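All values derive from a computational prediction rather than experimental measurement. Here is how names work: the chains are called A, B, and so on, in the same order as the sequence lines, proteins then strands, and each is numbered from 1. Side chains are part of it too, since the values below use all heavy atoms of this structure and drop only hydrogens, waters and symmetry mates.
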Amino acid sequence: MIYKEFKGLNLPEIESEVLQFWEREAIFQKSIDSRPEDNAYVFYEGPPSANGLPGIHHVVGRAIKDIFCRYKTLQGYRVERKGGWDTHGLPVELKVEQELGITKEDIGKKITVEEYNNKCRETVMQFKSEWDDLTRIMGFWLDLDHPYMTFENGYIESVWYIISEIYKKNLMYKGYTIQPYSPAAGTGLSTHELNQPGSYRDVTDTSIVACFEVKSCCINKVNAAFKSNIETAHFLAWTTTPWTLPSNTALTLGPKIEYVLVTSFNPYTKSPQNFILAKELLAKWFKPEQEVSSIDELVIDEKTMTYCIAGLAVGSELKGVEYNQLLPFEVNGANAIEGKSFQVITGDFVTTTDGTGIVHTAPSFGADDSKVAKENGVGSLTMVDSEGKFIDGLGFLSGRFVKDYRNEADYKSPDVDIAIELKTKGLAFNVQKYVHSYPHCWRTDKPVIYYPMDSWFIRTTAVKEQLITNNKKINWKPESTGTGRFGHWLENIQDWNLSRSRFWGIPLPIWVAEEGDEQICVSGQQDLLNHIALALASNLLSAEEKAENEKFIQAFGASQGDLHKPYIDRVTLVANGIKLKRETDVIDVWFDSGSMPYAQWNYPFSNQEKFKHAYPADFIAEGVDQTRGWFYTLHTISTILFDQPAFKNVVSNGLVLDKNGEKMSKRKGNVINPMEAIPKHGADAIRWYIISNSAPWENLKFDMNGVEEVKRKLFGTLYNTYSFFSLYANIDAFQWDDKNTIPHTEKPELDRWIISKLNTLKKDVQEALESYEPTDAARSIDTFVDRNLSNWYVRLSRRRFWKNDVSADKKAAYETLYECLTTIAQLMSPIAPFFSEWLYQSLTLSIRDKAIAENSRWRHSSIHLTSWGSIDESWIDENLEHRIERAQDLSSMILSLRKKEQIKVRQPLQKVIIPILNDKEKDLYQSIEDIVMAEVNVKDFEYVDENSGLFVKSAKANFKLLGKKLGKDMADIAKIIANWNQEQIGLVEKQGKIDIISEGRSYELLLEEIEIATSDMPGYLVASENGMTLALDISLSEDLLDEGIARELINKVQNYRKDQNFNVTDRISISYASEMNLDRVIKKFSNFISTEVLANEIKPSATMAAPLELELNELNTKIEIYKL
RNA sequence: AGUCUCAUAGCUCAGUUGGUUAGAGCGCUACACUGAUAAUGUAGAGGUCCGCAGUUCAAAUCUGCGUGGGACUACCA
């Protein structure tokens, strides 16, 4: 047997065999080695973190990566795919904290940093083997044996090198700023971390409108501004973060905003008060219908609280007014503040869209607050510590967490107590629950606060223009992610906060003097050791410092060095005679992954040559959530270092949802585990489904039914086609012989047609993949396999394979089908690497040795080692494709008529009558009549022209052409044309033009502006579609009926052969019970029947042992069949 | 709250520069075909192309407003 025959399609089984084959033969490695080094297609693997299990969405991203890497390999590029692991950062640290049951404060106390980091190092690779398994079974080719690890010294020193380069460019600075800070995680966050999807969430907070009482010494100033005469006044300021009120040091007013002085009552204490707030927001807090014109009319009871306006002023007039501190405690008095305090300042950022138009200002907890306070010389109070709790000396607030950072069972928000306190003191005007969206830490899920911190920044704002310019060089898929989401982000770029006050990360390579400006930024491992040697030589170090430095060097001497904390912190350096200590922070983990183009090769310390061929990347692909993550850090670092993009093409894929469009979550139980789904359904079916269902950047509604459909429709059909081929090719011992093939031009038209379609398909697939549109590629293949190959070419060619002789026609059929199957295998191989390999092997394994000897196209041991080659345009015949399309349409119309009349296809019909308008149409129909006749079992095509008077024409305006010419009269004239009778249509055809008048305007219409088609043949059974019309002659002569019976008989015999499991080539003998009608049929068609069913004889018999009772149309008979 | 994006059959999706019967596959119903048979064909049912307004001779397609989903942006106190 030349071609293996199979019992059924079992994708998972095929896949595990192919996997073994790949591994045994090292096909992946060969696919790289066989391509020249100087023809690289560079791919970067975005490193996953192995401290969690992979999900189905990882399969999506990785399928996309794999497709283009495989495709480019086929095109002859060398595509190295180094795997990598992201090992540092908050996710790992928090997991370890959780496992050990400790908090950040315990690190260095209950557990040493050394032990802690060791634990992190273990934990981070916890699920590595699961990840490797997934990579393997989904068929993602990635070098898992030599991955880059971000925690290795070689990686770290490359990152140091990058930082030192940035440092040298004077793009790094240390700043004391208000930053997003996660008390739960104990670290500051960068803006791009804050911008991770899901960070902003709706929360319900206690909002307070607090009353800040004007100091009595300033009441005159207020009266002057408002031209009023009152004795006390309160500024109303709204806040959604009452916990910042003890840290209030100022109130900010808009300098140009109009404010009103309102006389009314405190709603809680009911005592009279005068309030100041923005005029525009008056109606938000006071009901306009309760306004009265004079103080005398003021009343307050359960339902009403009237008010009157005592004056108007603009913000700038109130600047400098001092007020009594709202919540004074022992530690937050004016003496604790450096600078001015408790007075009104003005700022342009104040708006009147919300609140009261007066901003409570706590400079420590807001970026705007801090800025405006600094400008006005106002000092700050930081009444909350780094764990997120109030410091001591704040009375009832002391020691309490501002938010529930510890998941305490009986946690009570201090916001509520502050509200109660203010209410009782008559300092609250309004207290209510308020729903707003608020940023949360991406890892702890706890609310972020803004907090003053010391941090190292990269001055990305300084390279904004380069970032934007370089972004325009990148091909984004989809484009809107690049221009929109990423582009807008770059337009509003902030400096990148690198510092993280954590432990498990790449240490900042910066040493600073305790006093003074001396600094060293270390640029690598050797550079560090050199600096240490210099320090040791300086004689400035204490004995202890000296010992630590020596210990550090010794560890590296013994190849046991570690650049992590805590060891690195024990190193003391010296510059210009001054001792330097390391900045204790570690680096934002996103910087790690953004450094991978360089650090994966330990550039520049090794692999300088290699790096030249490995940067920048031609292609990367990750989830859209990486836009401001990995995509951003890659881009930024690359732009700063080399002023060019780190990647040329990027595909960002969307989210994976469940089949109802809901997010997958463990809680809902709608999570699909790839490690279960792949062995069950097959990686290829899942990959194909993912790619063909919707464009990668659309959200994918993952439905297993869709996977099953793909399995049946594409893989099932292809499998059947292969089974068909192998069945007959084995019988005829067909083998492809490169040196002896039927020339293309000598093949039958049907063969040339499918070859043309095949090359068109290849062209389409190539174009789709070149433009990073894998979905179009997959869909093109789907259509070809189903509609063209299986349901047209194979169906119409079947008889050619059944013939007994070995003719040129049969050979052409084999060669054509072989060509189609092998080409399909290659075209689909990037998307379905397993099945395509199976198909290729099944078809070519038997001729491999010969092919190797002859160096022919089938010599490659794997489909993934073959060469894509160029497309032979000369094999694409658009005219032929068009004609066959018409034939398909015609067949479908005739079959539909048969259906309508309940006439089986087995029953031959005499003729199809086709009206034709011109010779061109006739030529077209004649060229396809044979195919159509065979397909629909009709004996003849008859053409009738208009002189026959048999058919009716219809006319329709060509809207595209006439629209511009006719304008408003278009609709009117279209109606006139549609109503033309046969004579009018004939007249137009004869004259080639016609004059028409509409609404008094006359137009000359040309023949080509009117579409004339045949539409009906009165008295006939007619179908009409796409301007084609045909009539079917359904009258049945005796000959036709007899042939129908003969075909019916053939069908029954064939079914019997099959039921009895006869071999396709077995010869038989048929006996039948003689009867007049049957005798006639058999006499007429015995040759035909014999050939069809491989009968040596068909004879009448009076005695039958076990006859088969048959009903052939109207005819009842008995037959007997023997295998010879 | 603002910006972007999407909305077409029960489901998943096509739908060219605006052009006159809005398509495919799945699912459902019925009937066929079958030396590929756990495949296939034909037909039927199924549409307010999210709504409203506008531009235009002509709108699923262009514009505006609105509704709904998604993503993004935002310390707006």
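Of the listed nucleotides (B:U21, B:C75, B:A77), B:U21 has the atom at the smallest distance from the side chain of A:Lys956. Taking every side-chain heavy atom of A:Glu709 into account, B:C26 is the closest of B:U73, B:C26, B:A77.
A search for salt bridge (Lys or Arg N to Asp or Glu O under 4.0 Å) contacts involving A:Glu935 returns A:Arg795, not counting sequence neighbours. Applying the salt bridge (Lys or Arg N to Asp or Glu O under 4.0 Å) rule to A:Glu885 yields no partners; only residues at least two apart in sequence or on another chain are considered. With sequence neighbours excluded, the residues satisfying side-chain contact (heavy atoms from CB on, under 4.5 Å) with A:Ala778 are A:Trp688, A:Ile691, A:Ser692, A:Ile831. Qualifying salt bridge (Lys or Arg N to Asp or Glu O under 4.0 Å) partners for A:Glu13, counting only residues two or more places apart in sequence or in other chains: none. Under the rule for a salt bridge (Lys or Arg N to Asp or Glu O under 4.0 Å), the partners of A:Lys1123 that lie at least two apart in sequence or sit in another chain are A:Asp1066. Evaluation of the side-chain contact (heavy atoms from CB on, under 4.5 Å) rule for A:Ala813 yields A:Tyr793, A:Arg800, A:Phe801 as partners, not counting sequence neighbours. Remark: A:Tyr719 pairs with no residue by the ring-ring contact (aromatic ring centres under 6.0 Å, His included) rule, at least two apart or across chains.
By the 4.0 Å N-to-carboxylate-O rule, A:Glu709 lies too far from A:Arg712 to be salt-bridged with it. In summary, A:Glu1048 and A:Lys1052 engage in a salt bridge, as defined by a charged side-chain N under 4.0 Å from a carboxylate O.
Counting non-hydrogen atoms under 4.0 angstrom, A:Asn1051 reaches the backbone sugars and phosphates but no base. Using a 4.0 Å heavy-atom distance criterion, A:Phe725 is classed as making no nucleic acid contact. Heavy atoms of A:Ser723 sit nowhere under 4.0 angstrom from any nucleic acid atom.
As rounded to whole Å, 17 Å separates atom C1' of B:A32 from atom CD1 of A:Ile894. Put simply, CD1 on A:Ile976 is 20 Å from P on B:U20, counting in whole angstrom units. What separates CZ of A:Arg798 from C1' of B:A39 is a distance of 11 Å, to the nearest Å. Rounded to a whole Å, the NZ atom of A:Lys711 is 13 Å from the P atom of B:A39. Rounded to an integer number of Å, the gap from CG of A:Asp369 to C1' of B:A74 is 15 Å. Rounded to a whole Å, the CG atom of A:Asn720 is 8 Å from the P atom of B:A39. Separating the CD atom of A:Gln888 from the C1' atom of B:A24 is a distance of 15 Å, rounded to the nearest angstrom. Look at CG on A:Leu714: it is 20 Å from P on B:A36, rounded to the nearest Å.
The separation of B:C50 from B:G70, taken at their C1' atoms, amounts to 16 Å, rounded to a whole angstrom. When the C1' atom is compared between B:A30 and B:A45, the two are found 11 Å apart, to the nearest whole Å. Atom name P, nucleotides B:G51 and B:U8: the rounded distance is 10 Å, in whole Å. A distance of about 11 Å separates the P atoms of B:U63 and B:C6, rounded to the whole Å. Only the P atoms considered, B:G23 is 14 Å distant from B:G19, to the nearest whole Å. Separation of the P atoms belonging to B:C62 and B:A14 is 15 Å when rounded to the nearest angstrom. The same atom, C1', is picked in B:G68 and in B:A32; the two are 44 Å apart, to the nearest Å. Comparing B:A60 with B:U73, their C1' atoms are spaced 31 Å from each other, to the whole Å.
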Heavy-atom protein contacts under 4.0 Å, nucleotides 40-47 of chain B, coded B base, S sugar-phosphate only, - none: SSBS----
Nucleotide-resolved protein contact map, nucleotides 10-19 of chain B, B/S/- at heavy-atom distance under 4.0 Å: --SSS--B-B
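Looking at A:Thr240 and A:Ser207, their side chains never bring a donor and an acceptor atom within 3.5 Å of each other. With no hydrogens or angles considered, no side-chain donor-acceptor pair links A:Ser780 and A:Thr783 at under 3.5 Å.
Every pair tested for salt bridge (Lys or Arg N to Asp or Glu O under 4.0 Å) that includes a residue from residues 718-730 of chain A fails, sequence neighbours excluded, so the list is empty. Annotation: salt bridge (Lys or Arg N to Asp or Glu O under 4.0 Å) contacts involving residues 774-792 of chain A, sequence neighbours excluded, comprise A:Lys713-A:Asp786.
The residue among A:Ile1050 and A:Val359 whose nearest nucleotide of RNA chain B is located toward the 5' end is A:Ile1050.
Remark: RNA chain B forms stems of 3 or more consecutive Watson-Crick or G-U wobble pairs, all pair distances under 3.5 Å, at B:1-7 with B:67-73, B:10-13 with B:23-26, B:28-32 with B:40-44, B:50-54 with B:62-66.
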